[in-house]
Amino acid sequence: MKINPDKTFTHHRISSLKLLMDTGLNSTDISRYDEQFLRTTLQKRFQEIQCANTDDYLEVIKHNTEEVSFFLKSLQIGYSEFFRNSLTFAVLEKIILPSLIQKKKVSKRKEIRIWSAACSVGQESYSLAMVMEELKNGDAEKFSYRIFATDQNEALVNEARKGNYSEKALNNLSLKRVNQWFTKRGDSYTVKQELKNNIDFSVFDLFSGQFSCPPASIFGDFDIVVCANLLFYYKDEFRQAILEKTGNCMANGGYLVSGETERQILTDHNYAEAFPQSAIFRKK
Ligand SMILES: C[S@@+](CC[C@H](N)C(=O)[O-])C[C@H]1O[C@@H](n2cnc3c(N)ncnc32)[C@H](O)[C@@H]1O
């Protein structure tokens, strides 16, 4: 079947879709999502189930609750990688963190506090912990750090806590890191406990009206907040709400890390690059 590119996709249709999604089936508010992102996700789904346009698809989901759940799930992409955005990780490892560690040694509050704000199944948080442990082991004067790793999706957080990965998921890691930080069991690689010790995984929705910072962290005050590869999902006003929340939890002079494809969003929202071309920012 030839697919209609659906040029008529409008606010009205998004609202209709929202009404259907809200008919007691699910409380996901799809009106928060960026329209281009919704359109791309819908069109992908049209093709998979051979619908010609939005109206046809609306008809399908009116009668098919499984399709509603499937569509909502496809909006919540949990894809992640170890050391995703390699330039950004290199700058953190070689420049930002060593300088932060030096500052901490002469300050009253010695602990380095990091928030991985959309941790998915944990690769980002474990990558940060590997870097921190390696810097710690190479430093005669030890320092302490804590990583608070949160996501709105409880199932993903539970997976992250377990820290089990396939061999393919370890593609970005050197053999040295795989040997040092994982135990192989059958086909699966499990993160060693010593890497888990400084990470606190919990469920937290960045749109939470109840808490200004993840309750597990008690008072926020993060030196680094990683809020990567989720801003692009949302409309501008919701990106703004997320950036306000993360910004309010940051320590003075703290850094905000986004995805490398989201750099423009940060510069549009009053953040300035801390290092050229990386996705590491500071509040203007
Ligand atoms: C594509 S993954 C990114 C994972 C990781 N940060 C990375 O860059 O590889 C996006 C994650 O954002 C989470 N997410 C989306 N909206 C969220 C919200 N409002 N609060 C907390 N997490 C959210 C999703 O559950 C998903 O795990």
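In this chain, numbering begins with 1 at the start of the sequence shown. Just so you know, ligand 1 is whichever comes first in the structure, and atom 1 is the first atom listed for that ligand. What's counted below: heavy atoms across the whole structure, side chains too, no hydrogens, waters or symmetry copies.
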**Q** Which residue owns the protein heavy atom closest to atom 27 (O) of ligand 1, what's the atom, and how far is it?
**A**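 Here the nearest protein heavy atom works out to Asp151 OD2, 2.7 Å.
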**Q** What atoms of ligand 1 come within less than 4.0 Å of a heavy atom belonging to Asp205?
**A**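 In order of numbering, the contacting atoms are 18 (C), 19 (N), 20 (N).
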**Q** Near Leu230, which atoms of ligand 1 are under 4.0 Å from a heavy atom of that residue?
**A** 12 (O), 14 (N), 15 (C), 16 (N), 17 (C), 23 (C)
**Q** Between Lys103 and Asp223, is the closest basic N to carboxylate O distance under 4.0 Å?
**A**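 Judged by the 4.0 Å cut-off on N to carboxylate O distance, Asp223 and Lys103 do not form a salt bridge.
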**Q** Who's closest to atom 17 (C) of ligand 1 heavy-atom-wise, of Gln152, Arg84, Arg32?
**A** Gln152
**Q** With clusters defined by side-chain heavy atoms of hydrophobic residues (ILVMFWY) lying less than 4.5 Å apart, directly or transitively, does Tyr189 cluster with Ile199?
**A**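 Ile199 clusters together with Tyr189.
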**Q** With backbone taken as N, CA, C and O and side chain as the heavy atoms from C-beta onward, which portion of Asn229 lies under 4.0 Å from ligand 1: side chain, backbone, both, or neither?
**A** both
**Q** List the closest protein heavy-atom neighbour of atom 20 (N) of ligand 1: residue, atom name, distance to the nearest 0.1 Å.
**A**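 In this structure, atom 20 (N) of ligand 1 has Leu206 N, 2.9 Å as its nearest protein heavy atom.
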**Q** Tell me whether Arg84 is salt-bridged to Glu262, with the criterion being a basic N under 4.0 Å from an acidic carboxylate O.
**A**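 Looking at Arg84 and Glu262, the cut-off is not met.
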**Q** Can you tell me if Glu260 uses its side chain to pair, donor with acceptor, with the backbone of Thr88 under 3.5 Å?
**A**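 Flag set: sc Glu260 to bb Thr88 pair under 3.5 Å.
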**Q** Is there a continuous path of hydrophobic side-chain contacts, each under 4.5 Å between heavy atoms, that joins Leu243 to Phe211?
**A** yes
**Q** Please state which protein non-hydrogen atom is closest to atom 26 (C) of ligand 1 and give its distance, to 0.1 Å?
**A**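 Going atom by atom, the protein heavy atom closest to atom 26 (C) of ligand 1 ends up being Ile77 O, 3.3 Å.
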**Q** Check the side chains of Glu124 and Ser116 for a donor-acceptor pair under 3.5 angstrom, ignoring hydrogens and angles.
**A** yes
**Q** Checking side-chain contact (heavy atoms from CB on, under 4.5 Å) against Phe201, which of Glu159, Arg161, Lys162 comes through?
**A**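 Among Glu159, Arg161, Lys162, the one that satisfies the side-chain contact (heavy atoms from CB on, under 4.5 Å) with Phe201 is Arg161.
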**Q** Taking a cutoff of less than 4.0 Å between a non-hydrogen atom of the residue and any ligand atom, is Glu124 in contact with ligand 1?
**A** yes
**Q** Closer than 4.0 Å to some heavy atom of Ser120 - which atoms of ligand 1 meet that?
**A** 4 (C), 27 (O)
**Q** Are Leu266 and Val91 connected in a single hydrophobic cluster, I mean Ile/Leu/Val/Met/Phe/Trp/Tyr linked by side-chain heavy atoms less than 4.5 Å apart?
**A** no
**Q** Under 4.0 Å, heavy-atom basis, I'd like to know which part of Leu156 is in contact with ligand 1: side chain, backbone, both or neither.
**A** side chain
**Q** For Phe204, which part has a heavy atom under 4.0 Å from ligand 1: side chain, backbone, both, or neither?
**A** backbone
**Q** For atom 16 (N) of ligand 1, what is the nearest protein heavy atom, given as residue, atom name and distance?
**A**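 Protein heavy atom with the smallest distance to atom 16 (N) of ligand 1: Tyr234 OH, 2.6 Å.
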**Q** Students should be able to answer this: which protein heavy-atom is nearest to atom 4 (C) of ligand 1, and at what distance?
**A**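 Of every protein heavy atom, Ala118 O, 3.3 Å lies nearest to atom 4 (C) of ligand 1.
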**Q** Do Val203 and Ile77 land in one hydrophobic cluster if side-chain heavy atoms of ILVMFWY residues count as linked below 4.5 Å?
**A** no
**Q** For Phe207, counting its heavy atoms only, list the atoms of ligand 1 lying under 4.0 Å from any of them.
**A** 19 (N)
